[in-house]
Amino acid sequence: MTTFRLYNTLTRAVEEFAPADGETVRMYTCGPTVYKPAHLGNFRTFLFEDLLRRVVVLRGWQTLQVMNLTDVDDKIISGASEAGVTIGEITAPVVKKFHEDRAFLRIQDAEIYPSATDHIPEMVALVKTLVDRGLAYRAEDGSVYFAIGKLHGYGKLSRLDTREVKTGARVIQDDYSKENAQDFALWKAAKEEDEKTGAAWDSPWGRGRPGWHLECSAMAMRYLGETMDIHCGGIDLIFPHHEDEIAQSEGATGAPFARFWCHGEFLLTDGSKMAKRIGNVATVADLKEQGVSAAAFRHFVFSTHYRKQLNLSGEALEASLEGVRRIGDFAARLEAARGATPALETIAAEAEKEVVEALSDDLNAPAALGSLYTFIRRANAELDRGGQDRAAVEAARKTFARINSVLDVIPEEAGPDPELAAWVEEKLAARRAARAARDFARADALRGEIEARGISIEDGPHGTRWKKIR
RNA sequence: GGCGCCGUGGCCAAGUGGUAAGGCGGCAGACUGCAAAUCUGCUAUUCGUCAGUUCGAUUCUGACCGGCGCCUCCA
């Protein structure tokens with residue numbers, strides 16, 4: 001088997017990857033801020049991470065994935081304050097919804113989903129270390145800031161040294177107590193609103209709450225150690241979020257925070273970034289409303305490489321819908337097959353090799369899908385030929401299962417509905433009789449009745465198959 | 001203004017210094033009573049434009065055009 005390669009934002013190059021301990025891939029994937037339900041743009045990133053996770057398993061490694069839930073931040077606090085409730089009352093239903101949506105999209109469970117509010121002691125300890133090491137200071141406003149000027153190499157992930165601050169940009173900070181405009185908050189002094197909504201904790205610097213970046217550093221190191229294998233997130237997190245995580249973590253430990261940094265590109269709507277502030281967001285609920293299955297959405301997401309922008313369009317979604325229909329039909333056909341030509345075994349072996357190679361090449365899912373389709377077309381042709389080779393069918397089944405263990409793109413079966421099934425069987429029997437009597441007008445009328453209820457039928461050499469299509 | 005990504009057939013999309021995977025759609029054929037499904041063939045002499053390097057460039061370099069993103073709390 002060839003090596004597994006991943007693009008590393010830190011080096012801006014595709015590099016060979018293997019877990020540091022040779023067995024378990026320790027990865028941290030930046031999770032949602034649980035203020036409002038995550039949108040499809042967020043889920044594109046989570047789907048990219050799901051792909052990574054599944055390919056890691058395909059390569060024979062174990063995973064230890066941590067995905068944080070940011071349950072304390074400005075928006076949550078102001079939302080809670082306006083509603084007159086605690087932050088927990090705002091976040092709890094959103095967390096629940098997140099897991100439901102995630103399950104719908106078949107995003108596998110991470111091993112750990114830590115919440116920021118459950119890890120305040122770890123965060124306080126981290127800030128204390130940074131203050132002790134002279135990298136952070138308590139300002140007059142009671143907040144603690146990280147002094148980026150004190151850390152050698154700050155900006156290495158986003159290549160800050162090669163950047164210039166926008167002319168006329170907001171260099172004048174809202175916070176005059178900072179020593180340097182670009183210093184960022186580790187610990188924010190509590191305001192009345194924070195106390196009121198349960199978003200304030202004790203610390204050596206007084207009541208307050210953690211800054212955004214702090215939770216990720218503290219929780220990542222708590223569960224994954226000082227140096228993890230892979231840290232993932234959306235491309236917009238490179239700066240400042242991940243840059244600041246590196247500063248805090250490496251400033252505290254002196255060890256590299258993550259060996260690989262991997263970032264997924266955006267999902268666009270109407271040509272621009274999908275974002276709440278732009279107001280062009282779509283959610284899992286919208287997918288369901290439009291009849292887009294989880295399989296189809298996964299197919300859609302995987303049809304473009306994760307480091308390329310992807311535009312959400314009805315046409316592309318339609319194509320994916322039709323694509324997974326074909327993949328699902330093929331899976332069912334393979335399941336029902338009793339034999340095939342021996343050539344199918346070779347075809348399967350070639351496909352499996354190609355798919356593993358594509359996925360190992362920086363998660364090239366679009367190429368993997370291409371190979372999957374070639375496999376399906378060639379295998380269908382062999383199946384059309386008939387044949388008695390059971391081992392060949394078994395090999396094809398195994399190959400398909402292995403490929404699908406990563407992509408997971410078979411549309412869900414329409415649930416068993418005994419009443420509907422009995423009705424269809426009855427109609428089919430009548431149609432069979434009509435066809436035997438060569439009364440095709442009657443047969444076609446019966447087919448029309450069946451199709452009117454969203455059932456498609458296929459006449460084959462071994463009888464008629466039917467399935468629910470909507 | 002700085003930094004970065006992208007531009008491949010009607011739509012989506014992979015890809016390589018040696019002459020364009022795959023999917024959707026469309027057209028034709030096989031199969032079928034007719035369909036559906038499946039299979040077969042066809043659907044880019046060409047990869048934003050213009051130069052350059054090279055025996056040869058879609059693939060490397062430069063310029064330009066077009067789209068998108070980041071530049072302090074957005075996946």
Side-chain angles (χ1 to χ4, degrees), chain A residues 12 29-33 38-49 70 73-75 158-170 173-174 181-185 211-213 232-241 243-244 263-268 271-278 299-300 303-305 307-311 313-323 325-327 329-330 333 354 358 364-374 376-378 380-385 435 438-441 443-444 447 451 456-461 464-467 469:
Chain A
R12 311 281 149 120
T29 47
C30 277
T33 295
H39 61 249
L40 297 181
N42 299 309
F43 279 114
R44 183 194 182 190
T45 297
F46 302 147
L47 242 12
F48 136 62
E49 292 157 353
T70 300
D73 92 320
D74 292 351
K75 283 192 209 106
S158 54
R159 310 253 156 132
L160 263 189
D161 49 329
T162 61
R163 300 154 72 121
E164 253 174 46
V165 175
K166 182 178 180 178
T167 326
R170 199 173 52 127
Q173 72 261 33
D174 23 296
Q182 292 187 59
D183 287 353
F184 59 90
W212 179 35
H213 320 301
C232 306
I235 193 168
D236 52 343
L237 296 186
I238 293 174
F239 187 85
H241 188 52
E243 197 66 76
D244 291 347
H263 296 94
E265 255 292 358
F266 286 131
L267 178 67
L268 311 180
S272 62
K273 171 181 177 177
M274 181 180 285
K276 286 166 191 159
R277 76 160 79 113
I278 298 172
H299 179 105
F300 165 70
S303 69
T304 296
H305 187 86
R307 285 194 286 116
K308 252 181 102 173
Q309 294 176 341
L310 169 61
N311 202 34
S313 76
E315 256 182 317
L317 244 22
E318 282 295 323
S320 286
L321 223 34
E322 188 54 27
R325 195 274 311 150
R326 190 160 154 226
I327 293 170
D329 280 1
F330 172 70
R333 185 179 189 191
E354 280 181 25
N364 195 339
L369 275 171
S371 296
L372 171 61
Y373 278 114
T374 300
I376 289 175
R377 178 168 39 75
R378 297 177 70 193
N380 268 324
E382 292 309 317
L383 256 11
D384 279 354
R385 283 196 182 90
R435 292 178 73 205
R438 304 199 66 79
D439 181 358
F440 296 121
D444 289 348
R447 177 168 61 201
E451 286 176 347
S456 88
I457 64 180
E458 295 172 20
D459 295 326
T464 300
R465 286 181 49 213
W466 64 274
K467 64 172 184 174
I469 52 173

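To find a chain, count down the sequence lines: A is the first, B the second, and so on, and within it residues start at 1.
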What distance, rounded to whole Å, do you find between the two [atom1] atoms, one in [N] and one in [M]?
{"N": "C39(B)", "M": "G23(B)", "atom1": "P", "result": "9 Å"}
{"N": "A51(B)", "M": "C65(B)", "atom1": "C1'", "result": "14 Å"}
{"N": "C11(B)", "M": "A36(B)", "atom1": "C1'", "result": "25 Å"}
{"N": "U59(B)", "M": "G1(B)", "atom1": "P", "result": "27 Å"}
{"N": "G41(B)", "M": "G22(B)", "atom1": "P", "result": "10 Å"}
{"N": "G67(B)", "M": "U72(B)", "atom1": "P", "result": "23 Å"}
{"N": "A57(B)", "M": "G69(B)", "atom1": "C1'", "result": "29 Å"}
{"N": "A21(B)", "M": "A28(B)", "atom1": "P", "result": "25 Å"}

Name all residues meeting the side chain to side chain contact (heavy atoms under 4.5 Å, CB included) criterion together with [X]; count only those two or more places apart in sequence or in a different chain, and write none if there are none.
{"X": "Asp244(A)", "result": "Tyr154(A), Phe184(A), His213(A), Pro240(A)"}
{"X": "Glu265(A)", "result": "Arg44(A), Ile235(A), Gln309(A)"}
{"X": "Ala319(A)", "result": "none"}
{"X": "Asp384(A)", "result": "Arg333(A)"}

Contact class for [X] (heavy atom, under 4.0 Å): base, sugar-phosphate, or nothing?
{"X": "Thr304(A)", "answer": "sugar-phosphate"}
{"X": "Asn364(A)", "answer": "sugar-phosphate"}
{"X": "Leu237(A)", "answer": "sugar-phosphate"}
{"X": "Ala381(A)", "answer": "sugar-phosphate"}

Between [options], which one does the side chain of [X] approach most closely?
{"X": "Ala443(A)", "options": "G33(B), C70(B), G67(B)", "answer": "G33(B)"}
{"X": "Glu458(A)", "options": "A37(B), A75(B), G15(B)", "answer": "A37(B)"}
{"X": "Gln309(A)", "options": "A36(B), G67(B), C74(B)", "answer": "G67(B)"}
{"X": "His39(A)", "options": "U38(B), A75(B), U72(B)", "answer": "A75(B)"}
{"X": "Asp73(A)", "options": "C70(B), A75(B), C74(B)", "answer": "C74(B)"}
{"X": "Arg435(A)", "options": "A75(B), G33(B), G67(B)", "answer": "G33(B)"}
{"X": "Glu265(A)", "options": "G15(B), C5(B), U72(B)", "answer": "C5(B)"}

Exercise for review: Report the distance from atom CD1 of Ile235(A) to atom C1' of C68(B), rounded to the nearest whole Å.
Suggested key: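 Value for this atom pair: 10 Å.
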Review point. Taking the side chain as C-beta and beyond, is there a heavy-atom pair between Arg325(A) and Glu322(A) under 4.5 Å?
Key: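 Yes - at least one pair of side-chain heavy atoms lies under 4.5 Å apart.
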Exercise for review: State, with a plain yes or no, whether a side-chain heavy atom of Leu267(A) is found less than 4.5 Å away from one of Phe43(A).
Suggested key: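 Leu267(A) vs Phe43(A): side chains apart.
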Check: [X] side chain, [N] base, donor-acceptor under 3.5 Å:
{"X": "Asp444(A)", "N": "G33(B)", "value": "yes"}
{"X": "Asp459(A)", "N": "C34(B)", "value": "yes"}
{"X": "Lys273(A)", "N": "C74(B)", "value": "yes"}
{"X": "Arg447(A)", "N": "C34(B)", "value": "yes"}

Exercise for review: Quick one: list whatever passes salt bridge (Lys or Arg N to Asp or Glu O under 4.0 Å) with Lys467(A), sequence neighbours left out.
Suggested key: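 Counting only residues at least two positions away or on another chain, Lys467(A) forms a salt bridge (Lys or Arg N to Asp or Glu O under 4.0 Å) with Asp329(A).
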Study note, to complete from the structure: Note: for Pro240(A) and Leu268(A) on RNA chain B, the residue whose nearest nucleotide lies more 5' is Leu268(A)
**Study point:** Of Asn311(A) and Gly271(A), the one whose closest RNA chain B nucleotide lies more 5'
**Key:**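 In this pair, the answer is Asn311(A).
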Interface polar pairs with nucleotides 18-24 of chain B, N/O, under 3.5 angstrom:
residue: C24(B); atom: OP1; partner: Arg326(A); partner atom: NH1; Å: 3.3

Point to revise | Point-to-point distance, once rounded to the nearest 0.5 Å, from CD of Glu354(A) to CG of Leu372(A) | key: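 Between atom CD of Glu354(A) and atom CG of Leu372(A) there are 10.5 Å.
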Point to revise | Atom pair CG/CE of Leu268(A) and Met274(A) - distance to nearest 0.5 Å | key: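 Result: 8.5 Å between the selected atoms.
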Point to revise | Residue matched to U61(B) through Watson-Crick or wobble contacts both under 3.5 angstrom | key: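 Partner of U61(B): A51(B).
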